[in-house]
Amino acid sequence: MPDQIPVYISIGSNIDRERYVRAALDALARWFGELGISPVYESEAVGFDGSPFLNLVVSVKTSLSVGELSRQFKQLEAENGRHPEAPKFSARTLDLDILTYGEAVGRMDGVELPRNEILKNAFVLRPLADLAPTVKHPVCRKSYLELWRAYSTGQKLWPVDFNWQGRAISQAVG
């Protein structure tokens with residue numbers, strides 16, 4: 001059996017959010033089996049005026065290549081109503097991005113790794129720090145929890161109640 005590479009994937013949606021996040025989790029579970037799942041956060045749209053997003057990070061292990069994963073994710077997005085020609089900063093039904101692929105650094109199959117959004121956006125870094133606090137970023141070699149504790153852009157996000165397959169994935173605070 002080929003090596004199983006740990007992969008972290010971000011999921012986001014700001015159109016019919018619960019439906020599309022659940023659709024993504026269902027597909028990922030079918031493809032990869034057991035998922036590591038962060039709490040789900042709501043965050044303001046970044047880069048455009050739009051409805052708030054739901055965001056989370058999922059971990060899987062796979063022998064698929066980066067290119068195979070990317071194609072699978074683009075197909076899943078399309079099957080769930082995402083238009084490939086839509087502007088980068090716009091509302092979307094579903095957005096899946098490969099954040100890291102093992103310790104890979106650089107461009108693989110057209111995907112830049114690790115994804116630069118890890119260090120830029122709270123809606124990526126916070127759930128990643130929750131899911132993998134001791135894992136180190138492949139370039140800066142700091143743990144995701146260390147990076148989150150040092151993060152300070154003012155982007156706001158908050159945990160929300162979210163259930164999937166009969167279990168609570170996350171709960172709102174307060």
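If you read the sequence from its start, that first residue is 1, and numbering goes on from there.
Using a 4.5 Å cut-off on side-chain heavy atoms (C-beta onward), W31 and V60 make no contact. Looking at L131 and I37, their side chains never come closer than 4.5 Å, going by heavy atoms from C-beta outward. With a 4.5 Å cut-off on side-chain heavy atoms, R17 and P52 count as touching. Residues V66 and I98 have side chains in contact (heavy-atom distance under 4.5 Å, counting atoms from C-beta outward). Considering only heavy atoms from C-beta on, V160 comes within 4.5 Å of L54 through its side chain. The closest side-chain heavy-atom distance from E77 to K74 is below 4.5 Å.
N55 CG to E117 CD: the interatomic distance, rounded to the nearest 0.5 Å, is 9.5 Å. If you take CD on Q155 and OG on S43, they are separated by 8.0 Å, rounding to the nearest 0.5 Å. Rounded to the nearest 0.5 angstrom, I118 CD1 and L125 CG are separated by 8.0 Å. With values rounded to the nearest 0.5 angstrom, D97 atom CG is found 10.0 Å from I11 atom CD1. With values rounded to the nearest 0.5 angstrom, L145 atom CG is found 11.5 Å from K136 atom NZ. With rounding to the nearest 0.5 Å, the separation of CG in L28 from CZ in F73 is 5.5 Å.
For CD of E68, the number of neighbouring non-hydrogen atoms (other residues, nucleotides, ligands) closer than 6.0 Å is greater than 12. Heavy atoms from other residues, nucleotides or ligands lying under 6.0 Å from CD of Q165 number more than 12.
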(request) Decide side chain to side chain contact (heavy atoms under 4.5 Å, CB included) for R30 and D26; before the verdict, give the C-alpha distance in whole Å, the side-chain angles of both, and the deciding distance to 0.1 Å. (result) CA-CA 6 Å; R30 270 194 318 276; D26 289 343; 4.0 Å; yes
(request) Show the numbers, then the answer: is there a side chain to side chain contact (heavy atoms under 4.5 Å, CB included) between N116 and K120? (result) CA-CA 7 Å; N116 67 358; K120 288 183 179 177; 3.5 Å; yes
(request) Show your reasoning for whether side chain to side chain contact (heavy atoms under 4.5 Å, CB included) applies to V57 and L99. (result) CA-CA 9 Å; V57 171; L99 300 176; 3.9 Å; yes
(request) Walk me through it: do D109 and S65 pass the test side chain to side chain contact (heavy atoms under 4.5 Å, CB included)? (result) CA-CA 8 Å; D109 300 325; S65 70; 3.9 Å; yes
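S170 places no side-chain N or O within 3.5 Å of a backbone atom of P39 that could act as its donor or acceptor partner. Between the E18 side chain and the F162 main chain, no donor and acceptor come within less than 3.5 Å of each other. Of the possible polar contacts, one joining the R107 side chain to the G110 backbone as a donor-acceptor pair under 3.5 Å is found. The backbone N or O of F53 lies less than 3.5 Å from no partner atom in the side chain of N14, so there is not a single donor-acceptor pair. Proximity of a side-chain donor or acceptor of D161 to a complementary backbone N or O of A172 within less than 3.5 Å is detected. Counting only distance, with no hydrogens or angles, the side chain of R19 and the backbone of T93 share no donor-acceptor pair below 3.5 Å.
Electrostatic pairing of E103 and R141 counts as a salt bridge here, judged by a charged N lying under 4.0 Å from a carboxylate O.
The heavy-atom pair separating I15 from Y20 by the smallest distance is O-CD1, 3.0 Å. Minimum interatomic distance between W158 and E44 (heavy atoms only, all atoms of both residues): CH2-CG, 4.2 Å. In terms of heavy atoms, P127 sits closest to A122 at CD-O, 3.6 Å. Pairing each heavy atom of Q171 with each of P159, the nearest pair is O-CB, 3.6 Å. Nearest heavy atom pair, residue Y8 against residue A132, reads OH-CB, 3.4 Å. Residue P6 comes nearest to K61 through the heavy atom pair CA-CG, 4.3 Å, listed as atom of the first residue, atom of the second, then distance.
R167 pairs by the salt bridge (Lys or Arg N to Asp or Glu O under 4.0 Å) definition with nothing, not counting sequence neighbours. Evaluation of the ring-ring contact (aromatic ring centres under 6.0 Å, His included) rule for W148 yields Y151 as partners, not counting sequence neighbours. Residues passing the salt bridge (Lys or Arg N to Asp or Glu O under 4.0 Å) test with R71: none are found, sequence neighbours excluded.
Placement of I5 and F32 within a single hydrophobic cluster is found when ILVMFWY residues are connected by side-chain heavy-atom separations under 4.5 Å, directly or transitively. In the hydrophobic clustering of ILVMFWY residues, with side-chain heavy atoms under 4.5 Å counting as a link, M108 and V105 come out apart. In the hydrophobic clustering of ILVMFWY residues, with side-chain heavy atoms under 4.5 Å counting as a link, V139 and L119 come out apart.
Side-chain atoms of D130 and Y41 include a donor-acceptor pair closer than 3.5 Å.
Test L64, L113, T62, T100 against V7 for side-chain contact (heavy atoms from CB on, under 4.5 Å) and you get one pass: T62.
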